[in-house]
Amino acid sequence: MSETTRIAVTPGDGIGPEVVAESIRCLEALRERHGLALEWTRFPWPSHAWHQQHGEVMPDDALQQLRAFDAILLGALGDPGPMDDPDRYLLSDSVSLAPLLQMRKGFDQWVCERPARLLPGARQFLADERAKDIDMLVIRENSEGEYVGQGGRLRQGTAEEVATQMEVFTRRATDRIIRYGFEQARKRAETRAAEGKQRSFSILGGKTCESQVCIVTKRNALRYWGDMYSEAFAEIAKEYPDVATHHELVDAACMKFVQCPWHFDVVVASNLQGDILTDLAAVLSGGMGVAPSCNLNPDNPDMPSMFEPTHGSAPDIAGQGLADPTAMLFTTARMLDWLGRSDDKLKTAGQVLFDAVAADLAENGSTRRDTRAIGDAIIARLK
Ligand code: IPM
Ligand code: MN
C-alpha cells in the first residue's frame with residue numbers, strides 16, 4: 001500500500017475556482033472508484049481576494065507550506081473579472097501573476113510541458129485536412145532565460161529613462177531541457193509503436209526516424225544563447241541517433257506551426273519563446289479551453305510540480321459558469337499520470353480521466369454547454 005499522495009489546490013482568480021471545482025468533483029469520483037490514496041487541501045491564496053484582505057497575494061511562508069505537498073493544482077491567476085464591473089479589485093499583472101513564477105523558480109520546475117494534439121471533437125481552426133494529425137509536445141524551458149527577472153529602471157518617469165531586462169542562459173539548464181526533449185521524443189515513439197501508430201521524420205541519407213526534436217532559437221539575432229543552444233543540441237543529439245533533429249528560428253516556427261504543424265513532434269524552446277509558441281499551439285489543438293500544461297521538477301521528488309492549464313483567469317466570462325473545464329481536466333489527468341510514477345493506481349486513474357474527457361470532447365465538443373454540464377457529463381463516464 002502506497003502512502004497518501006497530497007495535493008495543494010489553489011483555485012486562484014477568475015474562472016480558476018469554476019474549473020477547479022470540476023477537477024475536484026472528478027478527483028472525488030476517481031478516488032471512490034479506484035480506491036486512491038489521495039487527499040487535497042484547498043488554499044484561498046494566491047488570489048486577488050487574499051490580497052484585498054491581507055495586502056499580499058499569498059502569505060510570506062506560502063512556498064514553505066506548499067512544499068509539503070506532492071503536487072499543486074492551480075486554476076488561474078490574474079484579473080478576477082467580471083470585466084463589466086469597473087469597481088472590481090484589480091492588481092497589476094506583475095503582482096497578481098508573480099506567484100506563478102515564484103513557484104516555478106522556488107520548486108525548480110524547470111520543464112513546462114504543453115502538449116498540442118487535435119483530438120476528435122475539438123475545434124479545428126486550420127482548414128487543411130492534415131490538421132487532424134497535429135500531435136506535438138512543446139517543451140518550454142521554465143527556470144531561466146528571458147524570465148529571470150533581472151534588470152531595472154533608471155531615471156524612472158523622465159525622458160531619459162532606461163529600462164534593462166536581462167536574459168540569462170546557463171549551459172546546465174540548456175543541457176537538461178534538451179536532454180529531456182530527446183527522452184520525451186523516444187517515449188512518444190515507444191507509445192506510438194505500442195498503439196500500432198507510426199510517424200516518420202526524414203534525416204540525411206534518405207533515412208527516417210520515428211520521432212523528432214525541433215529546437216527553436218532566434219540565433220540569427222540573439223546569437224550568444226542561440227549558438228549555445230545549437231551546440232548543446234548537436235552534442236546531445238549524438239546520444240539519440242534514433243531521433244531526427246531539426247532547428248527553427250522562432251519567427252519561422254510560428255509560420256510553420258500554422259502552415260504545417262503536423263510536421264512537428266517534440267519542440268524545445270526557451271522560456272519566452274515557448275510561452276508565445278504555446279498560445280499558438282493551444283489554438284492548433286482546439287483553443288485555450290482544451291490546452292493542458294504542467295510545470296515539472298523531474299529530478300527532485302521533494303519539490304512539488306505544479307499543474308495549471310495554459311489559459312488565464314478569463315475575466316470576460318468569469319463568474320458566469322461558462323468556462324470550459326476541459327483544459328483543467330486534461331491537466332488534472334496529467335497530474336495523476338505524473339504522480340502515478342510511484343503509484344500504479346494513480347497512473348490508471350490519470351488514463352481513465354483522460355479517456356473520459358477525450359470521449360466527452362469527441363461526442364459533445366461542438367455543443368455549447370456550461371461548466372457544470374461538461375463536468376457532469378465527464379463524471380458520469382467515471383462512475
Ligand atoms: C503562461 C502565462 C505566464 C507565463 C504569465 C501569466 C506569467 O502566460 O503560463 O503561459 O508567461 O509564463
Ligand atoms: Mn502564456
Side-chain angles (χ1 to χ4, degrees), residues 10-17 19-20 45-48 51 57-58 62-63 66 71-81 90-116 136-151 165-169 173 177 216 218 250 253-254 257 267-297 304-316 318 323 327-328 330-332 334-335:
T10 53
D13 299 311
I15 62 164
V19 293
V20 163
W45 46 257
S47 66
H48 276 68
H51 192 284
V57 271
M58 60 182 186
L63 259 57
L66 294 174
I72 302 160
L73 188 64
L74 190 145
L77 299 182
D79 186 335
L90 269 181
L91 296 166
S92 74
D93 283 352
S94 60
V95 173
S96 66
L97 301 166
L100 258 188
L101 304 181
Q102 282 167 291
M103 286 184 217
R104 289 178 186 166
K105 287 209 182 76
F107 300 131
D108 198 18
Q109 295 160 351
W110 52 271
V111 178
C112 179
E113 272 193 12
R114 293 184 167 171
M136 59 175 148
L137 175 66
V138 184
I139 297 176
R140 164 181 178 189
E141 203 296 316
N142 217 29
S143 69
E144 55 168 38
E146 306 90 340
Y147 275 52
V148 288
Q150 291 178 24
Q165 189 87 46
M166 291 265 290
E167 301 188 354
V168 176
F169 295 84
I177 200 70
V216 175
K218 182 64 188 168
V250 67
C254 288
F257 267 29
V267 177
V268 175
S270 73
N271 211 333
L272 175 64
Q273 296 185 359
D275 175 46
I276 297 166
L277 283 170
T278 50
D279 266 39
L280 183 47
V283 171
L284 298 175
S285 66
M288 280 296 178
V290 299
S293 171
C294 333
N295 302 273
L296 309 174
N297 180 330
S305 291
M306 191 235 300
F307 297 82
E308 46 140 358
T310 306
H311 67 63
S313 61
D316 50 333
M328 188 75 224
F330 276 142
T331 302
T332 308
R334 284 186 88 83
M335 176 186 75

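Keep in mind that the numbers below use all heavy atoms, side chains included, and drop hydrogens, waters and symmetry copies. Ligands are counted one by one from 1 in listed order, and the atoms in each one are counted from 1 as well. Quick caveat: nothing in here was measured; it's all calculated off a predicted structure.
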For Arg140 versus Gly274, what's the shortest heavy-atom pair and its separation?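 Scanning both residues, the minimum pair turns out to be CD-C, 3.9 Å.
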Contact between Leu97 and ligand 1, counting heavy atoms under 4.0 Å?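 Leu97 counts as a contact of ligand 1 under the 4.0 Å cut-off.
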Closer than 4.0 angstrom: is that true for some heavy atom of Arg114 and an atom of ligand 1?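 Flag set, Arg114 near ligand 1.
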Taking non-hydrogen atoms only, is Arg140 closer than 4.0 angstrom to ligand 1 via side chain, backbone, both or neither?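 Looking at Arg140 and ligand 1, just side chain atoms fall under 4.0 Å.
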Specify side chain, backbone, both or neither for Arg104, according to which of its non-hydrogen atoms lie closer than 4.0 Å to ligand 1.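 Within the 4.0 Å criterion, Arg104 contacts ligand 1 through side-chain atoms alone.
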Among all the protein's non-hydrogen atoms, which is closest to [atom], and how far away is it?
| atom | result |
| --- | --- |
| atom 5 (C) of ligand 1 | Leu100 CD1, 4.3 Å |
| atom 11 (O) of ligand 1 | Tyr147 OH, 2.6 Å |
| atom 2 (C) of ligand 1 | Asp275 OD1, 4.0 Å |

What N, O or S atom of Asp275 is found closest to the Mn ion (ligand 2)?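 It is OD1, the N, O or S atom of Asp275 closest to the Mn ion (ligand 2).
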Quick one: does Gln273's side chain have a donor or acceptor within less than 3.5 Å of a partner on Val250's backbone?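 Answer holds: no.
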With a 3.5 Å distance limit and no angle check, can you tell me whether His48 reaches the backbone of Gly78 through a side-chain donor-acceptor pair?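 Such a contact is found between His48 side chain and Gly78 backbone.
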Do any of the N, O or S atoms of Asp279 sit under 2.8 Å from the Mn ion (ligand 2)?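 Asp279 does not place any N, O or S atom closer than 2.8 Å to the Mn ion (ligand 2).
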Quick one, Asn295 and Met103 - any side-chain contact, counting heavy atoms below 4.5 Å?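 Asn295 vs Met103: side chains apart.
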Please round to the nearest 0.5 Å and tell me the distance separating atom CZ of Arg104 and atom CG of Asn271.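 So the gap between those two atoms works out to 7.0 Å.
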As an exercise, state the distance from CH2 of Trp45 to CG of Leu66, rounded to the nearest 0.5 Å.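 These two atoms lie 4.0 Å from each other.
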CA sep, side-chain torsions, deciding dist, call: Cys254, Leu277, side-chain contact (heavy atoms from CB on, under 4.5 Å): CA-CA 7 Å; Cys254 288; Leu277 283 170; 4.0 Å; yes
